[in-house]
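The next block holds one structure in the form of structure tokens; read it before the comments.
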Amino acid sequence: MLRSKISGIGMYVPKNVFTNNDLVKYMDTSDEWIQERTGIKERRYADRTGETTTTMGVEAAKIAIERAGTTAQDIDFIVFATICPDYYFPGCGVLLQRAMQMKEIGALDVRNQCSGFLYALSVADQFIKTGMYKNILVVASEKHSFGLDFSTRGRNISVIFGDGAGAVVLQPTENVNSGILSTHLHSDGNNAEILAMYNPGTHANHWLNGKELADFENAEIGDMFMSHAMIDKAQNFPTMDGQAVFKVAVEKFPAVIKESLEANNLQTSDLRLLIPHQANLRISQFVQRKMELRDDQVYNNIQKYGNTTAASIPIALCEAWEMGKVKEGDLVCLAAFGSGFTWASALLRW
Ligand code: UT7
């Protein structure tokens with residue numbers, strides 16, 4: 001029986017540090033409010049024109065590939081997760097394939113928001129286990145800073161996001177005590193609109209029941225996808241009912257972690273490290289208390305990078321590994337929850 005194993009991991013964060021006080025210059029907020037509600041002290045923002053979601057992904061991928069002891073030409077499949085694609089289409093997968101001069105391999109784009117990396121990892125895991133591919137590159141990268149409302153209107157969401165990328169190379173192993181033990185993926189679309197970016201899109205208000213959005217009544221052919229009215233009403237920015245998301249997050253995180261442990265007849269005491277998606281430090285702390293985990297069993301770095309959506313788990317995993325917090329044989333649980341709603345976990349033996 002084949003298992004897939006992370007044989008190389010890399011991360012990239014842009015060099016521009018944006019502190020909470022830097023945000024005060026743009027909107028009515030404060031360092032105190034942001035730290036108290038989210039734990040975030042600072043985040044990184046990509047160079048506005050010199051870096052894209054794809055170029056950051058490439059930087060993380062180069063490190064992961066080198067650490068896996070392989071080359072870009074040996075990669076036989078790409079899975080790229082992001083909600084900040086360079087283009088609406090084509091996706092970042094092919095842009096990375098081009099930038100890294102890879103062979104004409106498959107490049108799959110995954111859009112599952114905060115759970116994106118775990119969905120991507122799960123897909124890659126299946127391809128490895130069936131023997132279809134031997135060197136899969138899984139990348140998660142986000143350039144949020146290019147698409148946020150930096151006025152006070154957008155402050156509840158804009159202060160939490162940061163830019164960055166993480167990548168792993170998955171390879172097969174015949175050691176059944178090593179690698180990805182299981183993945184669990186979930187969704188519930190009933191609350192799709194409470195954490196979303198509505199435009200550009202083709203919904204024409206269909207799902208939005210009375211929400212004050214751009215007027216589609218008199219739309220002409222060609223008007224529908226992006227209009228001046230949408231921009232005037234700031235509908236090209238993400239929107240979130242933070243409290244409603246928070247309530248479901250603190251329920252689903254523990255559930256999906258428990259599900260992964262139970263599926264493998266393991267317990268929280270067996271866990272060396274839990275790496276939760278870095279949505280909000282308060283959510284991670286709530287999950288830690290609920291799961292009765294010690295401080296050294298949970299790794300958080302949202303304080304430095306903010307919420308980097310799909311990229312947050314591979315960035316945190318890479319950093320924890322570089323710090324020696326994850327060693328061969330350690331049991332590691334990765335868990336995510338976010339827009340969709342989607343939530344997921346992966347349990348792995350390093
Ligand atoms: O990664 C994807 C998944 N996302 C999440 O898991 C996010 C979950 N939600 C959260 O993390 C929190 O809800 C937030 C951090 C986003 C917001 O914290 P909150 O405690 O839920 O704040 P709130 O939205 O209920 O707003 C409370 C007050 C409001 O003022 P009033 O109406 O009480 O006067 C907001 O206008 O705080 C105000 N506020 C701010 N004040 C200063 C909202 N954002 C800010 C801000 N600075 N940045």
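Because the structure is a prediction, the values reported are computed rather than measured. Ligands are counted one by one from 1 in listed order, and the atoms in each one are counted from 1 as well.
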Item to check | Pairs involving residues 104-144, ordered by first then second residue, that meet ring pair (Phe, Tyr, Trp, His ring centres under 6.0 Å) (sequence neighbours left out) | outcome: Phe77-Phe127, Phe77-Tyr133, Phe127-Tyr133, His144-Phe161
Are there any protein N or O atoms under 3.5 Å from the N or O atoms of ligand 1? List them with distances, or say none.
{"residue": "ligand 1", "atom": "1 (O)", "partner": "His277", "partner atom": "NE2", "Å": "3.0"}
{"residue": "ligand 1", "atom": "1 (O)", "partner": "Asn307", "partner atom": "ND2", "Å": "2.6"}
{"residue": "ligand 1", "atom": "9 (N)", "partner": "Gly242", "partner atom": "O", "Å": "3.0"}
{"residue": "ligand 1", "atom": "11 (O)", "partner": "Asn280", "partner atom": "ND2", "Å": "2.6"}
{"residue": "ligand 1", "atom": "13 (O)", "partner": "Gly242", "partner atom": "O", "Å": "3.2"}
{"residue": "ligand 1", "atom": "20 (O)", "partner": "Arg37", "partner atom": "NH1", "Å": "2.7"}
{"residue": "ligand 1", "atom": "25 (O)", "partner": "Gln243", "partner atom": "NE2", "Å": "2.6"}
{"residue": "ligand 1", "atom": "36 (O)", "partner": "Arg155", "partner atom": "NH2", "Å": "2.9"}
{"residue": "ligand 1", "atom": "37 (O)", "partner": "Trp33", "partner atom": "NE1", "Å": "3.3"}
{"residue": "ligand 1", "atom": "41 (N)", "partner": "Trp33", "partner atom": "NE1", "Å": "3.4"}
{"residue": "ligand 1", "atom": "47 (N)", "partner": "Thr29", "partner atom": "OG1", "Å": "2.6"}
{"residue": "ligand 1", "atom": "48 (N)", "partner": "Thr29", "partner atom": "OG1", "Å": "3.1"}
{"residue": "ligand 1", "atom": "48 (N)", "partner": "Arg155", "partner atom": "O", "Å": "3.2"}

Heavy atoms from other residues, nucleotides or ligands near [atom1] of [X] exceed 12 (cutoff 6.0 Å):
X      : atom1 : value
Lys233 : NZ    : yes
Phe89  : CZ    : no
Trp207 : CH2   : no

Checklist entry - Distance only, no hydrogens: is a donor on one side chain within 3.5 Å (strictly under) of an acceptor on the other, for Asp125 and Thr183? => result no
Next on the checklist: Which residue is it: Asn307, Asn16, Asp22, Asn20? I am looking for the one with a side-chain hydrogen bond (donor to acceptor under 3.5 Å, both in side chains) to Arg43.
Outcome noted: Asn20
